[in-house]
There are 2 protein chains.
Amino acid sequence: MTEQAGISIQQIVEKVWLSIAERRLRPGVQLKEGQMAAIFDVSRARIRQALAALEREGLVTIIPNRGAFVCQPTVDEARDVFTIRRSVESRVVARIGASVTKADLSRLRGHVAQERTANTNDATTDIIKLSGGFHLLLAEISGSDFLFGMMRDLISRTSLITAVYRNTARFNCGPDEHAEIVDAIAAGDLKKASALMEHHLEHVESELDLREVRDMSHDLRAALA
Amino acid sequence: MTEQAGISIQQIVEKVWLSIAERRLRPGVQLKEGQMAAIFDVSRARIRQALAALEREGLVTIIPNRGAFVCQPTVDEARDVFTIRRSVESRVVARIGASVTKADLSRLRGHVAQERTANTNDATTDIIKLSGGFHLLLAEISGSDFLFGMMRDLISRTSLITAVYRNTARFNCGPDEHAEIVDAIAAGDLKKASALMEHHLEHVESELDLREVRDMSHDLRAALA
DNA sequence: CATTCAAAAATTGTCTACAATATTTTCGTA
DNA sequence: TACGAAAATATTGTAGACAATTTTTGAATG
């Protein structure tokens, strides 16, 4: 992490999120206040604010008197997150559907285009930002502060989960599928948009290695046989 | 609010939540740091931590350089909250179902009994705490930190919404319905438990006056005619 | 060599003073 | 009386110092 003079708390939060999503910070790592204050050249008070925000987003757990640690999501929690995320995304699509404007659609299509450019350039940081950013943009367009806040947390948590449980080096979640969702919204077909979103999230979830512990046992038995 | 020497941040948060739920603090009211610091006899720094937590739970919105204000939820947001809450509650029930213990059930039944006692005593503060607390206990028993955190926020937001949009003086959400849900879980009938929970939340939502703005216009026209 | 205890060091928790920003009041002018 | 500008006041934002807690290190003992 490089020094950033005059950096905002939100910028600190984003940098930590990206470091986690890019697997440079792994679960269990301690984020020491003094160290981070030096890295970002801010006071400890501001680091504490950033850590509180990271805890809110599920990326970090703060243990009183001991410190802040990057979270280790469990398999069950991963499934919880995807389950709840599907209903939040569905609600967002429903909220967008009746009132989406040409400007909204233009923004969404522009965003997908940016995703494609980042893919072409193999720009990991941009890919991660834009992949989650597409879903955040949908939530923003829905006009619901509540859904936007929910989505922000869910995107953060999903980033952590994919960093831990995804076996591939792939960081995006598919501009093609995003484009299809935009097209369905543009066509006013909310059922289709919702179904495409569900399929998209199932696709993302299917890329994670969330095998049950007993499957691990099975593998171990096979390995020892 | 009375002075509390040695009060924790969580206690401050709870006091503000209760004040909002009991309609003693209305939407738009500013929570001034210095004033709250004096009321609770703590430093401003701790009040800022409590306000950040209240913002996280959706009860307060902090406007930079201007202050913290109790939120005014919109009708659409209220509907969003109930929609997402239904899926979170359903997921909690699913997570509890396969592994619920006798001790869990005992705790749940004890909680419902407490709710009934509070009702009999017409103890408003206890009623509010225990009503939301039942759902939090379910989430705790599910063993999922994520679902517990989600539920905590949703309970807070629901309290604010009911304070604003419920026309009756009723503060609880029904020990009888809670007891039925516990019975269904105890019987291993998760479909039934989930359906009862859904019905319960629809019941809570139906007690809110969430008419559309145009209905207000209609009322105004009738009033002016 | 392993264990225990005390001291030192590291880290987090909290407070208060100062800086920055916003709001209210006062004063001058038309 | 109304309006605008400046001053005063109120409130929030931030930093560094001190307090409290936890962890690590070093010494003593068996």
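Just so it is clear: chains get the letters A, B, ... in the order the sequence lines come, proteins before strands, and each one is counted from 1. Only a predicted model underlies this, so the values are computations on that prediction, with no experimental measurement involved.
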Considering residues at least two apart in sequence or located in another chain, which fulfil the side-chain contact (heavy atoms from CB on, under 4.5 Å) criterion with [X]?
X	answer
A:A37	A:R44, A:I47
B:A52	none
B:T117	B:N121

Query raised in the report: How does each nucleotide of nucleotides 11-16 of chain D score, in 5' to 3' order, for protein heavy atoms under 4.0 Å: base (B), sugar-phosphate only (S), or none (-)?
Result: SBBBB-
Query raised in the report: So which of residues 53-60 of chain B are in contact with DNA chain C, with a heavy-atom cut-off of under 4.0 Å?
Result: none
Requested in this report: Scan for side chain to side chain donor-acceptor pair (under 3.5 Å) pairs involving residues 96-106 of chain A, sequence neighbours excluded, and state none if there are none.
Outcome: A:T101-A:D104
Requested in this report: Can you tell me which residue pairs pass the ring pair (Phe, Tyr, Trp, His ring centres under 6.0 Å) test with a partner in residues 134-155 of chain A, sequence neighbours excluded?
Outcome: A:F134-A:H178, A:H135-A:H178, A:H135-A:H200
**Report entry** Start and end of chain A contact along DNA chain C [non-hydrogen atoms, under 4.0 Å]
**Finding:** C:dT11 to C:dT14
Side chain to side chain donor-acceptor pair (under 3.5 Å) partners of [X], counting only residues at least two apart:
X	result
B:Q35	none
A:E205	A:R86
B:T158	B:R85

Report summary line: dist A:I84:CD1 -> A:D80:CG (nearest 0.5 Å) comes out at 7.0 Å
**Report entry** salt bridge (charged side-chain N to carboxylate O under 4.0 Å, His left out) contacts in which one or both residues fall within residues 52-66 of chain B, not counting sequence neighbours
**Finding:** B:E57-B:R152
